Trainee: 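One structure is given below, represented as structure tokens, and several questions about it will come after.
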Amino acid sequence: MKEITKITPTDYEIMDEIKSRWSPRAFDDVPLSVSEVKQLLEAGRWASSSFNQQPWRIIYGIKGDPVFDRILSCLVEFNQDWAKNAQALLLTAYKNTNNEGEHYRHAMHDLGLFMGNVVIQANHKGIGAHQMGGLDPEKAHTEFGFTSEFDVATAVALGRYGGDPNTLPEDLRADELEEKRIRYKVDQFAFNGNFENKTED
């Protein structure tokens with residue numbers, strides 16, 4: 001099957017690893033190895049964080065191992081329907097207290113920087129990453145034995161690009177095949193002066 005490509009209409013030139021990245025739900029059935037997943041996590045490891053506190057914590061499962069199924073069980077049913085065909089799953093969490101034991105308000109920002117590195121490294125290696133907010137964080141917190149100073153944030157499905165959209169539920173195929181990617185223009189969210197709510201135009 002021909003690999004799906006997306007049109008990314010940029011107004012300013014950007015690096016190809018960003019321009020060509022998208023979030024598939026259908027993945028090639030070639031397995032991912034533990035070392036390939038750890039290479040992605042190594043990229044995340046070198047993300048910046050407030051005072052280098054590195055609040056991110058990741059649970060990973062490779063398809064076929066019990067951890068994969070445990071992560072899958074924490075997803076909402078809608079995401080389980082397609083994520084079961086990923087070759088690896090991640091569960092992301094962050095430390096909600098800083099080194100002084102106070103509320104760590106930058107923690108989710110830092111986790112986002114971590115995952116930004118992960119998804120760009122993944123795309124560089126021909127691996128798609130689809131991040132999900134649709135999970136039961138309380139169930140995941142208990143399932144994986146997180147302590148109270150950690151919060152579960154998201155899950156991530158990983159697999160090589162080139163999956164068959166026909167493996168998806170019918171209502172998701174059109175999204176997978178949509179060619180043009182859409183984002184707000186820079187001038188809608190970045191201002192050289194006072195804030196304006198231009199995104200609602």
Side-chain angles (χ1 to χ4, degrees), residues 23-27 29 31-123 127-160 163 167-169 171-172 175:
S23 302
R25 287 192 174 95
F27 300 99
D29 59 5
L32 291 178
S33 66
V34 172
S35 62
E36 286 178 303
V37 172
K38 286 191 173 181
Q39 184 182 48
L40 306 186
L41 299 177
E42 178 73 15
R45 174 189 174 206
W46 293 100
S48 57
S49 63
S50 178
F51 289 95
N52 197 28
Q53 292 177 90
Q54 305 166 63
W56 45 76
R57 300 294 185 272
I58 310 296
I59 306 294
Y60 68 90
I62 308 296
K63 188 170 187 177
D65 75 27
V67 178
F68 181 99
D69 294 332
R70 290 169 65 197
I71 296 173
L72 187 68
S73 75
C74 295
L75 305 183
V76 299
E77 185 175 355
F78 171 83
N79 286 330
Q80 287 184 21
D81 284 345
W82 61 266
K84 65 187 178 186
N85 295 318
Q87 295 301 322
L89 292 174
L90 309 180
L91 189 69
T92 77
Y94 60 91
K95 192 172 186 291
N96 56 42
T97 55
N98 62 21
N99 291 342
E100 287 71 47
E102 301 166 339
H103 174 61
Y104 189 179
R105 70 185 184 89
H106 309 297
M108 286 195 73
H109 174 270
D110 294 348
L111 174 59
L113 290 171
F114 175 96
M115 283 307 307
N117 279 17
V118 168
V119 298
I120 298 305
Q121 177 69 31
N123 194 50
I127 297 169
H130 193 116
Q131 302 183 72
M132 298 168 274
L135 76 162
D136 184 335
E138 290 79 17
K139 178 179 179 179
H141 197 279
T142 300
E143 173 68 29
F144 290 99
F146 284 102
T147 51
S148 61
E149 69 269 29
F150 291 92
D151 290 326
V152 172
T154 61
V156 187
L158 299 170
R160 300 179 210 283
T167 63
L168 297 172
D171 58 335
L172 295 179
D175 285 346

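Fair warning: this is a prediction, and the values are worked out from it, not measured in the lab. What you see below is based on every heavy atom in this structure, not just the backbone, and it leaves out hydrogens, waters and symmetry mates.
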Trainee: Might you work through the side chain to side chain contact (heavy atoms under 4.5 Å, CB included) test for L172 and F78, ending with a clear yes or no?
Mentor: CA-CA 10 Å; L172 295 179; F78 171 83; 3.6 Å; yes

Trainee: So D110 and W56, do their side chains get closer than 4.5 Å, heavy atoms only?
Mentor: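 Answer yes - side chains close enough.
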
Trainee: Between the main-chain N or O of T154 and the side-chain N or O of T92, is there a donor-acceptor pair closer than 3.5 Å?
Mentor: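 Yes, because the side chain of T92 sits within donor-acceptor range (under 3.5 Å) of the backbone of T154.
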
Trainee: Determine, stepwise, if the pair F144 / V152 fulfils side chain to side chain contact (heavy atoms under 4.5 Å, CB included).
Mentor: CA-CA 10 Å; F144 290 99; V152 172; over 6 Å; no

Trainee: Report yes if some heavy atom in the side chain of N96 is under 4.5 Å from a heavy atom in the side chain of E149; otherwise report no.
Mentor: yes

Trainee: Which heavy atom of Q80 sits nearest a heavy atom of S73, and at what distance?
Mentor: NE2-O, 3.6 Å

Trainee: Quick check for you: to the nearest 0.5 Å, what is the distance between Q39 atom CD and R45 atom CZ?
Mentor: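 The distance works out to 13.5 Å.
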
Trainee: Checking R25 against N85 for the side chain to side chain contact (heavy atoms under 4.5 Å, CB included) test, could you report, in this order, the C-alpha distance in whole Å, the side-chain angles of both residues, the deciding distance, and whether it holds?
Mentor: CA-CA 8 Å; R25 287 192 174 95; N85 295 318; over 6 Å; no

Trainee: If you count heavy atoms of other groups shown closer than 6.0 angstrom to CD of E100, is the number above 12?
Mentor: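 Yes.
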
Trainee: Side chain of Q53, backbone of N99: donor and acceptor closer than 3.5 Å?
Mentor: yes

Trainee: Determine the minimum heavy-atom distance between A107 and Y94, stating which atoms define it.
Mentor: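 Shortest heavy-atom separation between A107 and Y94 comes out as CB-CD1, 3.5 Å.
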
Trainee: Between F146 and F150, what is the ring plane arrangement, given parallel below 30°, perpendicular above 60°, and tilted in between?
Mentor: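 Because their plane-to-plane angle lies in the 30° to 60° range, the rings of F146 and F150 count as tilted.
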
Trainee: Please check if the number of heavy atoms outside H141 that lie under 6.0 Å from its NE2 is greater than 12.
Mentor: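 For H141, atom NE2 is crowded (more than 12 foreign heavy atoms under 6.0 Å).
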
Trainee: Working to the nearest 0.5 angstrom, can you tell me the gap between D29 CG and T167 OG1?
Mentor: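 Answer for the CG-OG1 pair, D29 versus T167, is 9.5 Å.
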
Trainee: Is any side-chain heavy atom of L90 closer than 4.5 Å to one of Q131?
Mentor: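 No, too far: nothing below the 4.5 Å cut-off.
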
Trainee: For the CG atom of L89 and the CG atom of D69, what is their distance to the nearest 0.5 Å?
Mentor: 9.0 Å

Trainee: Is the closest side-chain heavy-atom distance between F27 and K63 below 4.5 Å?
Mentor: no

Trainee: Do you know which two heavy atoms are closest between V37 and A88, and how far apart they sit?
Mentor: CG2-CB, 3.9 Å

Trainee: Can you name the nearest heavy-atom pair linking V119 to A129, along with the distance?
Mentor: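 Nearest heavy atoms, V119 then A129: CG1-CB, 3.7 Å.
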
Trainee: Output the distance between atom CD1 (I62) and atom OG (S33), rounded to the nearest 0.5 Å.
Mentor: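 Output value for this atom pair is 7.0 Å.
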
Trainee: Main chain of V76, side chain of N79: is a donor-acceptor contact present, judged purely on distance under 3.5 Å?
Mentor: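 It does not hold such a pair.
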
Trainee: Provide the closest heavy-atom pair for Y60 versus V34 in the form atom of the first, atom of the second, distance.
Mentor: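 Scanning both residues, the minimum pair turns out to be OH-CG1, 4.1 Å.
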
Trainee: I want to check something: taking the side chain as every heavy atom from C-beta on, are L135 and L91 in contact at a cut-off of under 4.5 Å?
Mentor: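 A side-chain contact under 4.5 Å exists here.
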
Trainee: Apply side chain to side chain contact (heavy atoms under 4.5 Å, CB included) to H109 and L113, showing your working.
Mentor: CA-CA 6 Å; H109 174 270; L113 290 171; 3.4 Å; yes

Trainee: Minimum heavy-atom separation for S50 to H106, with atom names?
Mentor: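 S50 and H106 have their closest heavy atoms at OG-CD2, 3.7 Å.
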
Trainee: Could you tell me the separation between the NZ atom of K38 and the CG atom of L32, rounded to the nearest 0.5 Å?
Mentor: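 Answer for the NZ-CG pair, K38 versus L32, is 14.5 Å.
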
Trainee: From E143 CD over to D136 CG, what is the distance, rounded to the nearest 0.5 angstrom?
Mentor: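 One gets 11.0 Å once the value is rounded to the nearest 0.5 Å.
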
